[in-house]
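Report on the following structure.
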Amino acid sequence: MLDVPLTAIGISHHRAPLEDLAAVSRHGDAVLDRLDGAGLTGTVLLSTCNRFELYLESASFHAGLESALAAVREALPTDQRDVVDQFEVYVGQAAVQHLLEVASGLESMVVGEAEVIGQVREALAAAGDRASAALHRLFHAALTTAKAVTTETALGASGRSVATIGLDLVESRHFPLAGRRVLVVGTGSYARVVTAALARRDCVDIHVFSPSGRADRFARSHPVIAVDPDGLDEALSLADLVITCSGGEHHGEPAISAGRLAGARSASTALLPVLDLSLSGDVAPDAADLLEVDLIDLAEIGAHAPAEQGAAVLAARDLVSRGVEAYLHLEQGRAATPAVTAMRAHISQFIEREIESANRRYDAETAAAVAQSLRRVSNALLHAPSVRAAELARSGGLADYSRALNTLFGIDVEAGR
């Protein structure tokens, strides 16, 4: 069990409808603001199209968990607070394993998806000062394991994602994407994923519209054509495929209504596939009733996700297990740090006293040689006790070690923290 109480709470597509995930995700900033006053040591929010999860560090498990759940509940509108009752809770080693599985794509809607590792990395970066040192170490361990899964297993080699499954559906139902005109609505991180996936399919006529007016800036760094702020209707009328992934740029309201789609496509006889990759829904649900539109949303993509590859998943889970063991080995060894620090500080005061004496009694060259010799000997003598402290920390015997230091040398380990 970890000495630092790390906890993960949240919901995912496994337990909650996508509309519940979307409802919570829209209030992510408010949740974080409330958590800032909940007395936690650290917080990281991981919010994707598959999940809304919070990774927490607190001084004690029960108090931290209760304050975190209360903060999330208070941050949500009254009619959405019941969703907190569906939150799953992972504690200590279970929280570590869960994050490593999430980062490796084992808990995704599309098992083995390629994008989740980037989302985990972005979540840590976005946390900024909210992420404690312990959470930094946890997330870096997750990223290291996810990279191993990507490079060492067939699961990572498959390159599957929500976007690629959606594009596969479009091509199987309608037409190859090569040479087609595509309108992408949104300029966030997932828009970059989508444009790259389109380019790999030889689709180069890509137009981008931003509900928040960022299309020009996006086009300066990507091979796309920006759509003017008032050019959405024309872009819809000319598109062979529409992909929406604004990630909340429309502030909770659908970026494209059924009426707008119907009006824009009134002069066209071609069926328009619309791929809505936004958790909160960029396209109004009633657009699915339009005869001239084939609306493909996240729920349908999830239903068409390919079956798990048994051998690849087993290999990935083995890497996750090894990643958890490596993380716990290092973290449990860190529990010995106060004892080792206190012991080294105790010895250091005697060494420094002798060095000061040598400086007074001998010339500079001789004193320097004495100082070097004393420090080398002290480091050699302290090496074995330091290693033993780490071993005892992992086996649960560190308390006896600390008492022995106090009995033999009068070292107060607590004072050395």
Side-chain angles (χ1 to χ4, degrees), residues 8 10-22 25 46-53 55 86-88 90 94-123 138-139 141-173 189-190 192-194 196-197 200-201 243 245 275-279 296-325 327:
I11 55 174
S12 71
H13 65 101
H14 291 301
R15 286 178 61 102
L18 292 179
E19 54 265 28
D20 286 350
L21 283 173
S25 297
L46 177 60
S47 181
T48 74
C49 62
N50 293 304
R51 65 192 62 257
F52 181 92
E53 293 180 342
Y55 291 83
Q86 302 177 53
F87 274 25
E88 294 178 287
Y90 303 89
V96 174
Q97 178 158 343
H98 180 67
L99 179 59
L100 268 60
E101 289 175 345
V102 168
S104 300
L106 290 169
E107 292 296 318
S108 297
M109 182 184 297
V110 177
V111 175
E113 68 162 312
E115 275 72 44
V116 66
I117 187 171
Q119 293 166 339
V120 170
R121 185 181 295 109
E122 290 170 5
L138 171 61
F139 270 70
L143 292 170
T144 297
T145 297
K147 184 177 179 181
V149 170
T150 299
T151 57
E152 299 178 27
T153 73
L155 189 70
S158 64
R160 296 182 299 182
S161 70
V162 170
T164 59
I165 301 304
L167 294 177
D168 288 343
L169 274 175
V170 171
E171 290 197 313
S172 65
R173 288 184 184 180
S189 59
Y190 216 72
R192 296 194 294 271
V193 171
V194 168
R200 287 194 293 270
R201 297 175 190 238
I243 304 175
C245 50
L275 188 58
D276 188 357
L277 301 178
S278 172
L279 176 60
I296 303 171
D297 59 13
L298 287 176
E300 188 165 2
I301 291 173
H304 285 82
E308 298 181 10
Q309 306 171 45
V313 169
L314 288 176
R317 291 200 180 280
D318 180 62
L319 287 173
V320 166
S321 295
R322 282 189 270 165
V324 172
E325 289 176 4
Y327 172 84

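Along the sequence shown, the residues carry numbers beginning at 1.
Annotation for Glu113 and Ser108: closest pair OE2-OG, 2.8 Å, computed over non-hydrogen atoms. Heavy-atom minimum distance, Cys245 versus Val194: SG-CG2, 4.1 Å. Between Ser161 and Ala114 the shortest heavy-atom distance is CB-N, 4.2 Å. In this structure, Ala315 and Thr153 approach most closely via the heavy-atom pair CB-CG2, 3.9 Å. Leu100 and Ser104 get closest at one heavy-atom pair: O-OG, 2.8 Å. Among all heavy-atom pairs drawn from Ala8 and Ala95, the shortest one is N-CB, 3.9 Å.
Here the straight-line distance linking atom CG of Leu106 with atom CG of Leu155 works out to 6.0 Å at 0.5 Å rounding. Taking OG1 from Thr145 and OH from Tyr327, the interatomic distance works out to 11.5 Å, rounded to the nearest 0.5 Å. Put simply, SG on Cys49 and CG on Leu298 are 5.5 Å apart, with the number rounded to the nearest 0.5 Å. With rounding to the nearest 0.5 Å, the separation of CG in Leu275 from CD1 in Ile165 is 11.0 Å. To the nearest 0.5 Å, atom OG1 of residue Thr150 and atom CD of residue Glu152 are 10.0 Å apart.
The side-chain heavy atoms of Thr164 and Arg201, taken from C-beta on, include a pair separated by under 4.5 Å. Contact of the His98 side chain with the Glu88 side chain is not registered, since no non-hydrogen atoms from C-beta on lie closer than 4.5 Å. You'll find the side chain of Val162 stays beyond 4.5 Å of the side chain of Val193, heavy atoms only. Residues Leu319 and Arg322 have side chains in contact (heavy-atom distance under 4.5 Å, counting atoms from C-beta outward). Inter-residue side-chain proximity for Ile117 and Leu143 is flagged as met; some heavy-atom pair is nearer than 4.5 Å. A heavy-atom distance below 4.5 Å is not found between the side chains of Asp168 and His304. Looking only at side-chain heavy atoms (C-beta outward), Met109 and Leu18 come within less than 4.5 Å of each other. For the pair Val102 and Asn50, the minimum side-chain heavy-atom distance is 4.5 Å or more.
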Fill in: Residue pair Leu277, Ile301: steps toward the side-chain contact (heavy atoms from CB on, under 4.5 Å) verdict
CA-CA 9 Å; Leu277 301 178; Ile301 291 173; 3.5 Å; yes

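Between Phe87 and Phe52, the angle of the ring planes lies from 30° to 60°, which puts this pair in the tilted group.
In this structure a side-chain-to-backbone donor-acceptor pair under 3.5 Å is present from Arg51 to Glu107. Tyr90 places no side-chain N or O within donor-acceptor distance of the main-chain N or O of Leu99, the cut-off being under 3.5 Å.
Judged by distance alone, the side chains of Glu101 and Gln97 do bring a donor and an acceptor atom under 3.5 Å apart.
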